[in-house]
Amino acid sequence: MATRLTGADKREERRRRVASGDMAAPADSGYGIQGRAIPIEEKPHKTPPAPVAPTSQERVSSFGEALWRFFCSVRLAMTLIALIVIATLIGTLLIQMPPELQGDPASRTMWVKGLAPRFGDFTGIMYDLSLFNLFTSWWFKLLLLVLTLNIVVCTLNRFPKMWKQSTQTRMDVGPNFFTHGEYTATIALPVAPAAAEQQLAGVLKRRHLSVRLRQPIAAGKDQAATGAYAVYADRFRYMPLGTYLNHVGIVLIFIGAIWGTLLGNSIKIVDFAVPEGGDRAVGYDTNLMVHSNGFTEVDYPDGRPADYYSDIVLYENGKQVAQQRIRVNEPLEYKGILFHQAFFGNAADIKVTDDASGALVYQSSVSLAYRSQMYGPNNPMGSFSLANGAIQVDVVEPAGPGDPSLRPGQVGLAMYRVTDDHQLWRETLSQNQSVRQGGLTFTFLRERQFSGLQVVRDHGVTVIFIAVACILTGLALVFYFPSRRLWARVESDAGGAIIHLKGQAPRRADLAREMMRIAEHLKAGGATIHAESPAIIEQRELFAEMGG
């Protein structure tokens, strides 16, 4: 008779057979019949299938899903926001290049060289990294663009769930739903459930809630539902979607901020100075020329300016297209370009002639609308170019009657070689006085006033106005019209009906007070309040303390 093996012996025997490769059970293992082993049929060895390369369609789908998940990442949003904040801080702390210089290579080079005493050998590196024109740099716009995509994708990804919550709220709930929650109450009425349900619906409507469900609860779904009713009501159910208006507004702000630079046709000249009787080209491929017929300043008795305006004429390709008297808040507009009166000051009429031929090299009014530490922080100065931009001549005006370097009626002239910023000469001239330098004669003819304008064309302004409207509307909808949802279960009770209430809403919706009011309305109709959640009790006590 075969000896039966214990459980431990069986496990040890199984491990031995697995190790040796013999998968048949032994004759005395207890697995056989009448001491004979039951052979185990060996299954044919199957070669694992070779891996199949994904199709091009599957690769595209997988890449698209990975890209979508990447832009849905909240971590990406936080990283981008942190980088933009850091970049904005750097752009605020570092001096930024005036917009009008960015299109002039010579002026741009001289401006950057003027920063060398402050930043030393790092000046060139900082310029190459666009730290002096940070807010128009390609990498800053790229950060804004990626953040915009991140917000758009996150919004699209979450919108279906939010829309479902607003439009497909669960109304069919069981009795356990009312046993927990921040806003719950139990109220008894000495009437039948049908009458209690009608009374509750009337109270909800008087409290300006929309009753969307009033129906008996089928006994097949709820064993305790005999004679019971389900009621659902809400208010401002679509208002949580207002948060998406905020998202749209943020995206539009980014789009508006980079719209003009992406199109490449924005204009922002903050110190466009035009001397009286003089002309100045707008540039930016507009073929526009501004001519000033005159500048007028009206002062108060104490000398403060009461009003100032300019009479300007606008030419396009040599043909007059507009004429207007402009003030600070009364700009001239032409083809989306605004010409605002912004400031005023003095200009110097300078004439340059060639000594050998007597030919006129340059004659114009130089607007003294700038300041430079090189000549003193209070000395107005301007400049003009000669030799196709290779030479720059600075014109400097006295800082005031007490200026030790220049007397009233005088100007200082200084000539520089643009390539190495080397000063060639410097002279002081009185009115109608001339000086000869380098085969040229420079003459200071007279002083006159100039009109300082701001010339702006920004297609993103309209987009930003729309963005601000979206954000303000979204905030108003979310914070001033919070969504409120209320479920009720009306069922029979000894001598009448019992109402179980449960509400859901953000804290700012003050739902505790709303449910307290509903309970008071029902109480006035003969109801008895059996139980209320702590939030409603606290609201009731606060209301009593205030003498309500």
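Index from 1, following the sequence. On a predicted model such as this, the values are computed, not experimentally measured, just so you know.
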So how far is it from [X] [atom1] to [Y] [atom2], rounded to the nearest 0.5 Å?
{"X": "Phe339", "Y": "Leu453", "atom1": "CZ", "atom2": "CG", "value": "8.0 Å"}
{"X": "Asn329", "Y": "His340", "atom1": "CG", "atom2": "NE2", "value": "8.5 Å"}
{"X": "Arg540", "Y": "Arg517", "atom1": "CZ", "atom2": "CZ", "value": "10.0 Å"}
{"X": "Leu245", "Y": "Ile250", "atom1": "CG", "atom2": "CD1", "value": "11.0 Å"}
{"X": "Trp139", "Y": "Leu145", "atom1": "CH2", "atom2": "CG", "value": "15.0 Å"}
{"X": "Leu252", "Y": "Phe465", "atom1": "CG", "atom2": "CZ", "value": "13.5 Å"}

Check whether [X] reaches the backbone of [Y] with its side chain - one donor and one acceptor, N or O, closer than 3.5 Å.
{"X": "Asp403", "Y": "Ala399", "answer": "yes"}
{"X": "Ser533", "Y": "Glu182", "answer": "yes"}
{"X": "Thr179", "Y": "Asn176", "answer": "yes"}
{"X": "Gln341", "Y": "Ser451", "answer": "no"}

Sort out for me which residue in Val290, Ile312, Val313 forms a side-chain contact (heavy atoms from CB on, under 4.5 Å) with Leu332. Ile312
Is the [atom1] atom of [X] crowded by more than 12 outside heavy atoms at less than 6.0 Å?
{"X": "Glu538", "atom1": "CD", "result": "no"}
{"X": "Tyr480", "atom1": "OH", "result": "no"}
{"X": "Asp285", "atom1": "CG", "result": "no"}

Who are the salt bridge (charged side-chain N to carboxylate O under 4.0 Å, His left out) partners of Glu397, not counting sequence neighbours? none
Can you say whether the rings of His247 and Tyr244 are parallel (under 30°), tilted (30 to 60°) or perpendicular (over 60°)? perpendicular
If we only count heavy atoms from C-beta on, is the [X] to [Y] side-chain gap below 4.5 Å?
{"X": "Val251", "Y": "Thr155", "value": "no"}
{"X": "Val455", "Y": "Leu338", "value": "no"}
{"X": "Arg513", "Y": "Leu542", "value": "no"}
{"X": "Glu514", "Y": "Leu209", "value": "yes"}
{"X": "Leu131", "Y": "Leu134", "value": "yes"}
{"X": "Asn150", "Y": "Phe70", "value": "no"}
{"X": "Glu491", "Y": "Ile217", "value": "no"}
{"X": "Gln449", "Y": "Asn346", "value": "yes"}

Minimum heavy-atom distance between [X] and [Y], given as atom pair plus value:
{"X": "Ile498", "Y": "Ser492", "result": "CG2-O, 4.4 Å"}
{"X": "Ile537", "Y": "Glu532", "result": "CD1-O, 3.4 Å"}
{"X": "Ile536", "Y": "Ala185", "result": "CD1-CB, 4.4 Å"}
{"X": "Ala369", "Y": "Phe450", "result": "CB-CZ, 3.6 Å"}
{"X": "Arg489", "Y": "Gly174", "result": "NH1-C, 4.4 Å"}
{"X": "Leu522", "Y": "Gln199", "result": "O-NE2, 4.0 Å"}

Dump the intermediate steps for side-chain contact (heavy atoms from CB on, under 4.5 Å) on Phe71 and Asn157, then the final yes or no. CA-CA 10 Å; Phe71 280 108; Asn157 190 60; over 6 Å; no
Quick one about Ser137 and Ser130 (side-chain donor to acceptor, distance below 3.5 Å, no hydrogens or angles considered), yes or no? no
Sort and list the pairs that fulfil ring pair (Phe, Tyr, Trp, His ring centres under 6.0 Å) and have at least one residue in residues 481-539, not counting sequence neighbours. Phe177-Trp487, Tyr232-Trp487, Phe236-Phe481
Given Asp234, which partner from the list Arg212, Arg484, Gln504 fulfils the side-chain hydrogen bond (donor to acceptor under 3.5 Å, both in side chains) test? Arg212
With side-chain contact (heavy atoms from CB on, under 4.5 Å) as the test, would you mind laying out the steps for Gln198 and Arg214 before giving the verdict? CA-CA 9 Å; Gln198 292 181 358; Arg214 295 175 60 187; 3.6 Å; yes
Please assess Leu200 against Tyr229 for the test side-chain contact (heavy atoms from CB on, under 4.5 Å), listing each intermediate value before the final yes or no. CA-CA 11 Å; Leu200 174 63; Tyr229 291 84; over 6 Å; no
Partner of Phe295 by ring-ring contact (aromatic ring centres under 6.0 Å, His included), out of Phe344, Phe343, Tyr309: Phe344
I'd like to know if Asp311 pairs up with Arg325 as an ion pair, taking the criterion as any Lys NZ or Arg NE/NH1/NH2 lying under 4.0 Å from an Asp or Glu carboxylate oxygen. yes
Do Arg280 and Phe272 meet the cation-pi criteria used here (NZ or CZ under 6.0 Å from the six-membered ring centre, within 45° of the axis)? yes
Enumerate donor-acceptor pairs with a distance under 3.5 Å from any side-chain N or O in residues 75-95 to protein atoms, sequence neighbours excluded.
residue	atom	partner	partner atom	Å
Thr79	OG1	Arg75	O	2.8
Thr88	OG1	Ile84	O	2.7
Thr92	OG1	Thr88	O	2.7

Stepwise side-chain contact (heavy atoms from CB on, under 4.5 Å) check, Gln323 with Asn293: CA-CA 10 Å; Gln323 181 175 0; Asn293 281 335; 3.6 Å; yes
